[in-house]
Amino acid sequence: MNSTRSTEIPERVLYPYIEIPEWSEDGDIIYCVDIYKQPAFDHPALRNHKLQMKPSMELGSRETNSPNDGSSKLVTSQIWTQSGQCPVGTIPIRRVSREDISRTSSPSSFGRKPPHIYNTLEKAHQHKANTNSTAGKKHNPRPKNRSEAMFFAVGSNYLGAQTNINVWNPSGVQKSDYSSAQMWLLAGDQSEMSEVIEAGWMVNPRVFGDNRTRFFAYWTKDAYRKTGCINLLCSGFVQTSKHLALGAAIEPVSSSGHEQYYITVKIYQDLQSKNWWLASHDNVYGYWPSAIFKHLPQGATAVQWGGEVYSRNVRKKPHTKTPMGSGESPIQLFGKACYHTFIRIKDASMQPKYPMPLAEFSDENQCYTTILHKETNVSEPYLYFGGSGQSPLCR
């Protein structure tokens with residue numbers, strides 16, 4: 001695919017080169033595609049790209065973290081693998097149908113986020129000395145179709161980050177909206193953070209055709225204007241795993257007051273190739289090649305952890321009913337509110353560490369917000385975020 005949006009979705013997104021189709025118990029159809037015929041290699045910058053099958057280094061920290069009551073469990077498998085496995089030399093790709101594409105306004109916008117400029121992070125960078133873990137939330141003009149609640153760290157040369165994300169299936173996500181819990185890494189120049197790579201879980205009825213919680217990855221090099229997409233819906237991300245499918249449903253999910261589940265998301269740069277690798281726990285998905293970016297090969301400038309709601313009905317009345325996180329206020333804390341924990345960044349010291357300073361941000365504090373909570377002075381911080389959407393406080 002060209003670096004600008006085409007008017008049609010590539011045929012291989014609809015009917016990829018099939019080795020073996022797997023019918024998942026959750027209704028997904030997974031194609032096993034020749035690893036060298038995946039969509040990534042349609043990108044002009046990757047025509048002569050040499051496939052890197054694994055990172056040249058360990059990705060992040062192997063430490064694990066779980067809540068004090070020990071009731072949070074790691075989700076490591078995907079439902080479709082119960083039906084079979086892809087053979088060596090192939091990768092699993094979730095089937096996209098013409099019906100899926102028909103739910104969007106145009107084929108060229110399928111699987112893409114609308115333009116969004118992260119300029120508030122540069123302002124935080126300019127006032128970094130005044131930013132800490134208890135900083136007040138910053139409010140600046142923002143896109144009218146997105147609402148975010150997040151924690152963020154701004155530096156000069158982040159080489160990676162990771163998080164444990166509490167997994168929920170928020171009910172009531174409207175059919176034209178999406179809700180995500182995720183981590184972002186950003187880079188750019190003084191005017192805007194134009195390059196973004198991100199991953200986590202989302203509920204996105206327009207793209208996936210249902211309200212299931214699904215793992216996703218995304219990239220853009222121009223602030224979401226013309227480049228990038230979710231998962232493998234355009235050229236760019238290179239998948240190497242034959243065990244994991246981007247867009248696959250995540251199960252089990254947490255329930256209020258009962259068992260809690262989480263996924264680990266790691267994004268780290270390979271210092272030899274400069275490619276950015278994506279992993280969940282110890283399972284590597286693949287990488288964003290350095291060749292498709294301008295600024296990210298030199299490192300990320302900022303890292304964000306939190307949630308995002310897209311809707312045409314944020315920042316207006318009546319407000320969308322789409323929830324963020326678990327749908328509960330962060331004040332409810334563990335077991336009811338969604339969280340990130342065990343967040344780490346890697347900088348020039350080459351050692352994963354807790355980011356300091358850490359700031360908070362929310363677009364609509366009355367709708368979706370954040371709370372940083374620690375049980376004791378020495379316990380791991382929990383970054384709670386989310387909200388219900390439309391409510392007596394969020395009109």
Side-chain angles (χ1 to χ4, degrees), residues 1 9-10 12-18 20-33 35 38-40 75-86 90-104 107 109-113 165 167-170 173 175 177-183 197-220 228-253 263 265 267 278-281 283-288 308 310:
M1 181 179 288
I9 296 293
R12 71 170 56 190
V13 171
L14 294 168
Y15 305 105
Y17 297 90
I18 304 170
I20 300 175
E22 299 286 357
W23 280 264
S24 175
E25 292 182 7
D26 61 7
D28 283 350
I29 297 177
I30 303 295
Y31 288 135
C32 298
V33 180
I35 193 170
Q38 63 179 291
V75 181
T76 59
S77 62
Q78 296 184 337
I79 296 174
W80 72 271
T81 59
Q82 298 173 12
S83 303
Q85 294 283 342
C86 283
T90 68
I91 61 167
I93 297 182
R94 180 181 177 274
R95 180 180 183 268
V96 175
S97 68
R98 296 189 184 278
E99 181 182 356
D100 292 330
I101 298 172
S102 70
R103 287 190 295 270
T104 193
S109 65
F110 180 68
R112 301 184 191 269
K113 296 184 178 185
I165 311 178
V167 179
W168 291 81
N169 181 240
V173 175
K175 64 179 182 180
D177 298 357
Y178 68 71
S179 181
S180 69
Q182 61 178 99
M183 177 175 71
I197 49 180
E198 54 192 85
W201 61 257
M202 69 164 32
V203 176
N204 192 330
R206 175 171 284 186
V207 169
F208 298 112
D210 59 28
N211 281 61
R212 305 193 74 157
T213 301
R214 297 176 178 275
F215 190 92
F216 84 98
Y218 200 101
W219 72 274
T220 179
C229 62
I230 292 174
N231 302 334
L232 302 179
L233 296 180
C234 67
S235 56
F237 185 84
V238 177
Q239 182 159 332
T240 58
S241 173
K242 75 182 188 72
H243 303 290
L244 302 169
L246 289 168
I250 301 173
E251 286 191 2
V253 298
I263 57 172
V265 176
I267 300 177
L278 170 65
S280 181
H281 191 49
N283 302 312
V284 176
Y285 277 91
Y287 61 92
W288 292 278
E308 177 179 86
Y310 166 81

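All heavy atoms count here, side chains included; hydrogens, waters and symmetry mates do not.
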The side-chain hydrogen bond (donor to acceptor under 3.5 Å, both in side chains) partners of W168 (sequence neighbours excluded) come to N166
Between the OG atom in S77 and the CD atom in Q82, the distance rounded to the nearest 0.5 Å is 6.5 Å
Between I79 and R212, is any pair of side-chain heavy atoms under 4.5 Å apart? yes
Nearest heavy-atom approach of P252 to V75 is O-CG2, 3.7 Å
Quiz item: Taking the side chain as C-beta and beyond, is there a heavy-atom pair between I165 and V265 under 4.5 Å?
Solution: yes
Sorted by chain and residue number, the side-chain hydrogen bond (donor to acceptor under 3.5 Å, both in side chains) partners of D210 (sequence neighbours excluded) come out as R214
| Test item: L246 and F216 side chains (from C-beta on) under 4.5 Å apart, heavy atoms | no
is_close_aromatic(W288, F237), centroid dist under 6.0 Å: yes
With sequence neighbours left out, the residues meeting side-chain contact (heavy atoms from CB on, under 4.5 Å) with V253 are V167, N169, T213
Sorted by chain and number, sequence neighbours left out, salt bridge (charged side-chain N to carboxylate O under 4.0 Å, His left out) with E198 holds for K113
Heavy atoms of D28 and A248 approach each other most closely as OD2-CA, 4.4 Å
Scanning both residues in full, the closest heavy-atom pair of G111 with L233 reads CA-CD1, 3.7 Å
Check against side chain to side chain contact (heavy atoms under 4.5 Å, CB included), M202 and I230 = CA-CA 11 Å; M202 69 164 32; I230 292 174; 4.0 Å; yes
So the salt bridge (Lys or Arg N to Asp or Glu O under 4.0 Å) pairs with at least one residue in residues 230-248 (sequence neighbours excluded) are none
So OG of S83 and CD1 of I30: to nearest 0.5 Å the spacing works out to 9.5 Å
Practice task
List the steps and the verdict of side chain to side chain contact (heavy atoms under 4.5 Å, CB included) for T240 and I91.
Solution key: CA-CA 7 Å; T240 58; I91 61 167; 6.0 Å; no
Find out whether F110 and S102 are in side-chain contact, i.e. whether some heavy atom of one side chain is under 4.5 Å from a heavy atom of the other.
-> no
Check your understanding: Hey, does Y31 have a side-chain heavy atom less than 4.5 Å from the side chain of P92?
Key -> no
Residue pairs meeting salt bridge (Lys or Arg N to Asp or Glu O under 4.0 Å), one or both in residues 229-239, sequence neighbours left out, come to none
- Query: Will you find, in the side chains of S97 and D100, an N or O donor that is under 3.5 Å from an N or O acceptor?
  - Reply: yes
With heavy-atom distances below 4.5 Å as the criterion, would you say the side chains of C234 and R112 are in contact? yes
**Message:** Quick one, S180 with Y218, criterion side chain to side chain contact (heavy atoms under 4.5 Å, CB included). Give me CA distance, side-chain angles, the key distance, then yes/no.
**Reply:** CA-CA 12 Å; S180 69; Y218 200 101; over 6 Å; no
Separation between NE2 (H243) and CG (N283), nearest 0.5 Å, reads 8.0 Å
For a 4.5 angstrom cut-off between non-hydrogen side-chain atoms, does R206 reach K175?
no
Of all heavy-atom pairs linking E308 and Y178, the shortest is OE1-OH, 2.6 Å
Nearest heavy-atom approach of P39 to L232 is CG-O, 3.6 Å
* Do the side chains of T81 and L244 get nearer than 4.5 Å, heavy atoms only? -> no
Report task. Check whether the side chains of Q239 and Y287 place a donor and an acceptor atom closer than 3.5 Å, and report yes or no. Result -> no
| task | Without swapping roles, check the side chain of Q78 against the backbone of A245 for a donor-acceptor pair under 3.5 Å. | result | yes
- Task: Give the intermediate values and the outcome of side chain to side chain contact (heavy atoms under 4.5 Å, CB included) for residues R94 and I29.
- Result: CA-CA 6 Å; R94 180 181 177 274; I29 297 177; over 6 Å; no
